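Predicted, not measured: the structure shown is a model, and the values here were computed from it.
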Amino acid sequence: ANLMIFNENILNLPEVEHTIEKIKTNLQAYFTFLINFRSKEAFNYIDKIKNIKGGAIKFHSYVQHIGEQDFSSILKLCKYAEEKNLIICIDASYGTFKMYDYDNLKLAAIIIEHIKKTPIILLHSGGKRILEAFLLAESGSNIYLETSFTLNSYINSSVEQDLAFAYKKLGDGKIIYGSDFPYVNFNDSLQTAENFFDKYKFTSGEIENIFYNNAIKILS
C-alpha cells in the first residue's frame with residue numbers, strides 16, 4: 001500500500017515515527033506526503049520524511065493552486081528530495097474547472113528536465129492527456145506512469161485505446177498500478193485494471209510487474 005498524506009502537519013506529531021513504522025510493518029505500507037512548497041518548513045519536512053523513511057513527496061497542482069510562478073520553488077525542493085533519494089510524485093490528472101488554470105504536465109516537464117536520479121511518478125497517467133504524459137515518461141529512464149482513477153474513468157472511450165498504446169509502447173517496467181482508493185472502490189479499480197490488461201494481451205509477467213514488482217523496486 002502507498003498511503004497518500006495530504007496534511008504534512010502530521011510530521012510534527014511526537015509519535016509519528018513510531019506510528020508510521022508500526023503501519024509499515026503490519027501493512028507493508030509506504031507513505032507519500034503532499035509538501036507545502038510555500039512553507040518555510042518545507043525543507044525540514046523533507047528531512048523528516050527521509051528520517052522516517054516515508055518514501056515520497058507529492059505535488060498537486062489543483063489542490064495547491066500551482067502556477068508557473070511556483071515552478072522554481074518546487075524545483076528547488078525536488079532537487080533537495082533527489083539528494084535525499086526520495087521519490088517525487090506529481091498529480092497529473094486532468095479535469096475539474098481548474099484544468100485550464102493549472103498545467104500539471106508543464107510542471108512535470110520542468111521537474112523531469114532537471115531531476116535524473118530519483119524516480120518521478122506521474123499519477124493518473126495524465127488522464128485524457130495520456131499521450132503527452134507518455135512522451136514525458138519516454139524522455140527519461142526514471143519516469144513512471146501510474147494508472148489510478150484514469151483507467152476507471154475512460155474505459156470504453158477512445159482514451160482507453162490511447163492508454164493501451166502508451167502502456168505497451170512505454171513498456172511494463174515503467175507502469176505502476178494504483179487504485180485511487182477511497183475515491184474509487186478498490187474492488188472496482190482492481191477488476192477494471194485486470195480486464196484492461198487482459199483485453200490488450202499483456203502477459204502474466206508484465207501484469208505482475210505493473211501490479212507489484214515495479215512499485216516494490218522503486219520503493220525499496
Side-chain angles (χ1 to χ4, degrees), residues 2 4-5 8 30-39 42-64 66-94 102-127 129-148 150 163 165-178 206 209-210 212-220:
N2 179 26
M4 297 278 184
I5 307 298
E8 65 184 10
Y30 299 87
F31 291 80
T32 297
F33 290 86
L34 191 73
I35 291 294
N36 179 6
F37 59 90
R38 297 183 178 94
S39 170
F43 288 91
N44 291 333
Y45 283 132
I46 288 178
D47 287 335
K48 290 181 180 182
I49 294 167
K50 177 63 178 179
N51 290 339
I52 64 175
K53 300 178 181 179
I57 64 171
K58 176 181 177 178
F59 300 98
H60 195 309
S61 293
Y62 297 159
V63 170
Q64 297 178 290
I66 298 173
E68 291 187 33
Q69 71 277 5
D70 301 311
F71 288 1
S72 60
S73 298
I74 290 173
L75 184 57
K76 289 177 184 177
L77 286 172
C78 288
K79 289 180 177 179
Y80 190 64
E82 183 179 39
E83 292 176 9
K84 300 295 182 179
N85 296 314
L86 291 175
I87 296 164
I88 299 167
C89 293
I90 305 168
D91 184 279
S93 59
Y94 186 68
Y102 306 109
D103 193 332
N104 46 29
L105 290 187
K106 185 174 284 190
L107 170 64
I110 295 295
I111 295 172
I112 289 168
E113 181 182 4
H114 293 90
I115 304 299
K116 303 298 183 182
K117 297 178 182 178
T118 197
I120 299 172
I121 303 175
L122 302 184
L123 304 173
H124 316 302
S125 295
R129 302 170 73 188
I130 172 59
L131 296 181
E132 295 174 57
F134 155 70
L135 291 172
L136 287 173
E138 198 177 37
S139 69
S141 60
N142 61 322
I143 317 302
Y144 297 80
L145 296 184
E146 186 257 12
T147 70
S148 66
T150 294
L163 288 165
F165 165 81
Y167 292 165
K168 278 282 188 179
K169 187 80 171 177
L170 195 60
D172 59 284
K174 298 187 70 178
I175 311 299
I176 297 173
Y177 166 75
E206 290 172 333
N209 287 337
I210 293 167
Y212 185 73
N213 292 333
N214 295 337
I216 293 299
K217 179 182 71 174
I218 67 172
L219 289 167
S220 309

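- D70 places a side-chain N or O within 3.5 Å of a backbone atom of G67 that can act as its donor or acceptor partner.
- Checked by atom type and distance alone, the side chain of T147 pairs as donor or acceptor with a backbone atom of G178 at under 3.5 Å.
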Inset, instruction - Apply side chain to side chain contact (heavy atoms under 4.5 Å, CB included) to N85 and K50, showing your working. - result: CA-CA 8 Å; N85 296 314; K50 177 63 178 179; 4.1 Å; yes
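- Contact of the N44 side chain with the D47 side chain is registered, since non-hydrogen atoms from C-beta on lie closer than 4.5 Å.
- Although no hydrogens or angles enter the test, the distance criterion places a donor-acceptor pair under 3.5 Å between the side chain of K174 and the main chain of A137.
- Side chains of I176 and I218 form a contact here, defined as non-hydrogen atoms less than 4.5 Å apart.
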Legend entry - Residues Y177, N214; criterion side-chain hydrogen bond (donor to acceptor under 3.5 Å, both in side chains); working and verdict: CA-CA 9 Å; Y177 166 75; N214 295 337; over 6 Å; no
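- Judged by distance alone, the side chain of S61 and the main-chain N or O of I66 form no donor-acceptor pair under 3.5 Å.
- Aromatic ring pairs are classed by plane angle as parallel below 30°, tilted from 30° to 60° and perpendicular above 60°; the pair Y62 and Y102 is tilted.
- For N104 (side chain) and Y94 (main-chain N/O), no donor-acceptor pair under 3.5 Å exists by modelled atom type.
- Counting heavy atoms from C-beta on, the side chains of K79 and L75 come closer than 4.5 Å.
- Note that CG of N36 and CZ of F59 are 10.0 Å apart. Values are rounded to the nearest 0.5 Å.
- A donor-acceptor pair under 3.5 Å links the side-chain atoms of E146 to the main chain of H124, judged by distance alone.
- Residues L170 and E138 form a side-chain contact, since some pair of their non-hydrogen atoms from C-beta on lies under 4.5 Å apart.
- The main-chain N or O of A92 is never found under 3.5 Å from a side-chain atom of R129 such that the two would form a donor-acceptor pair.
- Remark: side-chain polar atoms of E82 are not paired, donor with acceptor, to backbone N or O of I88 under 3.5 angstrom.
- Of all the heavy atoms in I35 and Q64, the pair that sits closest is O-NE2, 2.7 Å.
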Inset, instruction - Apply side chain to side chain contact (heavy atoms under 4.5 Å, CB included) to the pair I111 and I90, showing each step before the final yes or no. - result: CA-CA 9 Å; I111 295 172; I90 305 168; 3.6 Å; yes
